[in-house]
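Bear in mind that the values here come from a model prediction, so they are computed numbers and not experimental data. Side chains included, hydrogens not; waters and symmetry mates left out as well; all remaining heavy atoms used.
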Amino acid sequence: MSENEVVRELLWKAAATVPVPESRGSEAVFVRASRLRRRRRAAVTGVVAAVVAGGVALGSGVLPGGNGQSVAASPTAGEFGGGAAGFAKLLPPGVGKVREVSLLRLIKGVPNAPLPKDVGPYDGDYAIARKDGVGYVTVRVMPAKAVQAKQADGDPCKVGNVTPPVLKCSNEKVPGGVLSIWLAPAQKLTRPSYYGAELQARLLRKDGSLLFVRDWTGFLGKGSQGPLLKTFPLSRAQLRELALKPQLLP
């Protein structure tokens, strides 16, 4: 089994002490996009230009919701509470039963595997259980230094031919950065044996940091907690709304 067949959980967990299954459309997509951009710049200037995070200016005290609210006027993560109970309050009604899990431990089958340090207040994996199956929503914040080190700031909509393909990709300028959303189709793998389709959202912020939200129909094989969801835990519109919530940020 090749290394590429071992799916690690998320791009920023690659730095953890225990290898983790990567989200199929995460780090590889970002790194490829970043390298493509650098090659294009080098061809024109002869120099690999410095990374510049895309985005629009965020006025002092204004939140990504775009409604001109002040930070003091908006609920914070602490007001919602932590863990699955607090995270569930950020999701739309009727999404399903929310439970905090570790995809690293589930897929790798190592119950006591050490977990990477969280950056955001809701960083982690959340199982979304419905009558038809179990899907997952994952939230991760990557500091600007880590983004630069991993070359994770490339445009995912311009990666070209990758496996799995990046489909229905869109970039949107939002207050404070650029929000990218795309679809990664289902795929048969070795471990886990079957990867359900997923939507991925990445907010590249003005300060160079990243917020990544993964909206996954689930997986089959070792560690599976049930059948794949027939639909995404969150619709594309709901995923966009979640990715723009300031409560997810440090």
Q: Do Leu229 and Trp216 sit in one hydrophobic cluster, given that two such residues count as connected whenever their side-chain heavy atoms are within less than 4.5 Å of each other, even indirectly?
A: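 Result: no, two separate clusters.
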Q: Does the side chain of Arg105 reach to within under 4.5 Å of the side chain of Pro111, using non-hydrogen atoms?
A: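 Heavy-atom side-chain distance check fails, nothing below 4.5 Å.
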Q: Would you say that Leu239 contacts Ile181 through its side chain, given a criterion of any heavy-atom pair below 4.5 Å between the two side chains?
A: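 Result yes, sub-4.5 Å side-chain heavy-atom pair found.
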Q: Quick one: does any side-chain atom of Glu241 pair with a main-chain N or O of Gln238 as donor and acceptor, under 3.5 Å?
A: no
Q: Can you sort out the partners of Ala127 under side-chain contact (heavy atoms from CB on, under 4.5 Å), two or more places apart, ordered by chain and number?
A: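 Here the qualifying residues are Val101, Val134, Tyr136, Gln225.
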Q: Sequence neighbours excluded, which residues qualify as salt bridge (Lys or Arg N to Asp or Glu O under 4.0 Å) partners of Glu172?
A: Arg240
Q: Other than Leu220, which residues form its hydrophobic cluster under the rule that side-chain heavy atoms must be closer than 4.5 Å?
A: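 Its cluster mates, by chain and number, are Tyr194, Leu228.
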Q: Examine distances only and state if a side-chain atom of Asp125 and a backbone atom of Thr138 form a donor-acceptor pair shorter than 3.5 Å.
A: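 No.
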Q: Going through the checks in order, is the side-chain contact (heavy atoms from CB on, under 4.5 Å) test met by Lys230 and Arg130?
A: CA-CA 10 Å; Lys230 295 180 180 178; Arg130 299 175 182 162; over 6 Å; no
Q: Under the side chain to side chain donor-acceptor pair (under 3.5 Å) test, which residues partner Asn171, sequence neighbours left out?
A: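 Testing Asn171 for side chain to side chain donor-acceptor pair (under 3.5 Å), a comparison that skips the adjacent residues, returns Asp155, Ser180.
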Q: May I ask you to decide if the ring planes of Tyr126 and Phe87 are parallel, tilted or perpendicular, using 30° and 60° as cut-offs?
A: parallel
Q: Under 3.5 Å, is there a donor-acceptor pair between the side chain of Arg202 and the main chain of Trp182?
A: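 Not a single qualifying donor-acceptor pair exists.
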Q: For residues Lys168 and Leu199, determine if any side-chain heavy atom of one lies less than 4.5 Å from a side-chain heavy atom of the other.
A: no
Q: List in chain and number order the residues that pass side-chain contact (heavy atoms from CB on, under 4.5 Å) with Lys97, two or more places apart in sequence or in another chain; answer none if no residue qualifies.
A: Ala129
Q: Run the salt bridge (Lys or Arg N to Asp or Glu O under 4.0 Å) test against Asp132 and tell me which residues pass, sequence neighbours left out.
A: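 Counting only residues at least two positions away or on another chain, Asp132 forms no salt bridge (Lys or Arg N to Asp or Glu O under 4.0 Å).
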Q: Taking side chain as C-beta onward, heavy atoms only, is Leu234 less than 4.5 Å from Pro92?
A: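 Sidechains of Pro92 and Leu234: in contact.
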